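Please read the structure below before turning to the comments.
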Amino acid sequence: MTVGSQVKTVLASLKNIEATLDILSQKTQDSEAKQVYQQTSQIIHEVKTDMHAQVQILQNEEPQYDT
Amino acid sequence: MPLWIEVILRSILLITILFFLTKWLGKKQLSQMNSFEFISGFVLASIAAIHSIDIRLPLIYGILAMFTWFFIPFVLKQLALKNKTVRDFIQGKSTVLIQNGKIMEDNLKKESYSTDDLLENLREKNIFHVADVEFALLEPFGRLSVLPKKENQPLTAKHAGITVAPMKEPQTVIMDGKMLLEPLANLSLNPDWLSTELEKMNVAIENVFLGQVDHDGQLTIDLYDDQLVVPESTEKELLLATIKKCQADLELFALATNNEHSKQVYSSNSKKLDKAIEVVTPYLK
C-alpha cells in the first residue's frame, strides 16, 4: 500500500466514526452523553478535514498511483 | 337459605371488605410494620375469619369491628405522618448500638439485644469483625443498619477516580413475545424500529421472551430457546476500536514521513484523537 492509499483508508474510517457518533448522539436518552458524542464527532470532523487536505497533497505528489 | 350458602356469601363479602381495608392501609411491607400495625392487621383478619364461619354472630357486628380495627390504626398513621412527636411515640425511635466504632452496652441492654443478636445481624450484613463498623443503628422495626468504616466500604468509581457515564434506566419493550408500546414511546422509538432491530438480529418477535433497550438505544434480548445464540451488539466497542486504530495510524504516519509540514499535521491530529478517546471512552464501555 502506498502512503496515499493508507491515508485514504484512515479518512474512510474517520468518516465511519463520525457517522456512528452522530447516530449514537441521536439515539441516546441522556443529554450529557449526547453532548459528549457531539463534541467527539466535532473533533473527528476537524481531523477528517485535515486528512482530506493531506490526501489532496499526496495525490499531487504521487500522481502515478492515483486512479 | 341453606347454611352453606350463607357461609359462602358472608365469606365473599368479608373478603371484599378485608381486601379494600388492607389496600387503604397502604403498601408497607410486612417487615416494615411495627408491632402495633402488625397485630391490628392480624386482628382484622381474625375478625373476618370468625364471622365468615360462625353464622350465629350478626354480620353487621363483624363489619363494625373490622372498621374500628381499621379506623384507629389508620388515624394514628395519618397523625404520625403529620407530627414528629406522635410518630416517635407510635413507631418508636431508632437506637444507636455502635458509635465511633464502640459498642453502646447500655443501649444494647435497653433494647434487650444480646451480643449474639448483634453479631448475628452484623454477619447478615457480611461483617464478621465488629472493629470494621463505624456506626450501627437499630431501626424501630428491628432491622440493623450498619455503616462500615471508610476503608471497609466497597470500592466505588468515585474512590478510584474513574469517570463513568451517567446511566438511565433501561426500558422493557418486549415481554412474552409481545411488543410493549408505552415503553417504546418513552424512548421516542416506534414499532418499525423494533422490527428492524429484530431483523438485524435475525429473530422473530414470537421467540423473544424479554427484550430491553438501554439508554443508548441498544436492544438486548432473551429468547425462549436458550440454545440459540443471540448476536451481541458490538457497535460501541467497534467504534472505540476504530478511533483507537485511526489514532495509532496517524502516529505511525507522523513517524514515517519526512515532510515537516505533514509530520506536524499528523501528530497534531493524532493528539486531537487521543483527547477524543479520553473523553468518549467511559461512554463507549
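Throughout, a chain's letter reflects where its sequence line sits, starting with A, and its residues are numbered from 1. Here the structure is a predicted model, which is why all the values come from computation and not from measurement. FYI, side chains are in, hydrogens and waters are out, and symmetry mates aren't considered; it's all heavy atoms of this structure.
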Query - Side chain, backbone, both or neither of A/L58 within contact of chain B (heavy atoms, under 4.5 Å) - result: side chain
Requested in this report: Can you run down the side chain to side chain donor-acceptor pair (under 3.5 Å) pairs that involve residues 47-56 of chain A, sequence neighbours left out, and say none if there aren't any?
Outcome: A/E18-A/K48, A/D50-B/N269, A/Q54-B/S262
Query raised in the report: For chain A, which residues of residues 239-252 of chain B have at least one non-hydrogen atom nearer than 4.5 Å to it?
Result: B/L239, B/T242, B/I243, B/C246, B/D249, B/L250
Report task. Return yes when atom NE2 of B/H129 has more than 12 non-hydrogen atoms of other residues, nucleotides or ligands closer than 6.0 Å, and no otherwise. Result -> no
Query - B/F209 atom CZ, over 12 foreign heavy atoms within 6.0 Å - result: no
**Report entry** Verdict with reasoning, B/K236 to A/T20, per side-chain contact (heavy atoms from CB on, under 4.5 Å)
**Finding:** CA-CA 9 Å; B/K236 290 205 241 169; A/T20 316; over 6 Å; no
Requested in this report: Look at A/V10, A/I57, A/I43, A/V36 and state which one has the largest set of heavy-atom pairs under 4.5 Å with chain B.
Outcome: A/V36
Query raised in the report: Is the number of heavy atoms from other residues, nucleotides or ligands under 6.0 Å of B/K178 NZ greater than 12?
Result: no
Query raised in the report: Taking atom CG of B/N202 as the centre, does the number of heavy atoms from other residues, nucleotides or ligands within less than 6.0 Å exceed 12?
Result: no
Query raised in the report: Can you tell me how far OG of B/S188 sits from NZ of A/K27, rounded to the nearest 0.5 angstrom?
Result: 12.0 Å
Query - B/Q153 CD: over 12 foreign heavy atoms closer than 6.0 Å - result: yes
**Report entry** Which portion of B/F253 sits near chain A, non-hydrogen atoms under 4.5 angstrom
**Finding:** side chain
Query raised in the report: Within a radius of less than 6.0 Å around CD of B/Q78, do more than 12 heavy atoms belonging to other residues, nucleotides or ligands occur?
Result: yes
Donor-acceptor pairs under 3.5 Å, side chain of residues 271-281 of chain B to any protein atom, not counting sequence neighbours: which ones?
{"from": "B/K272", "atom 1": "NZ", "to": "A/E46", "atom 2": "OE1", "distance (Å)": "3.2"}
{"from": "B/T281", "atom 1": "OG1", "to": "B/I277", "atom 2": "O", "distance (Å)": "2.4"}

Requested in this report: Check whether B/N259 gets within reach of chain A through its side chain, its backbone, both or neither, counting any heavy atom under 4.5 Å.
Outcome: side chain
Query raised in the report: When only heavy atoms count and the cut-off is under 4.5 Å, which of residues 190-197 of chain B reach chain A?
Result: none
Requested in this report: Could you pull out the closest heavy-atom pair between A/Y37 and B/Y283, with the gap in Å?
Outcome: OH-O, 3.4 Å
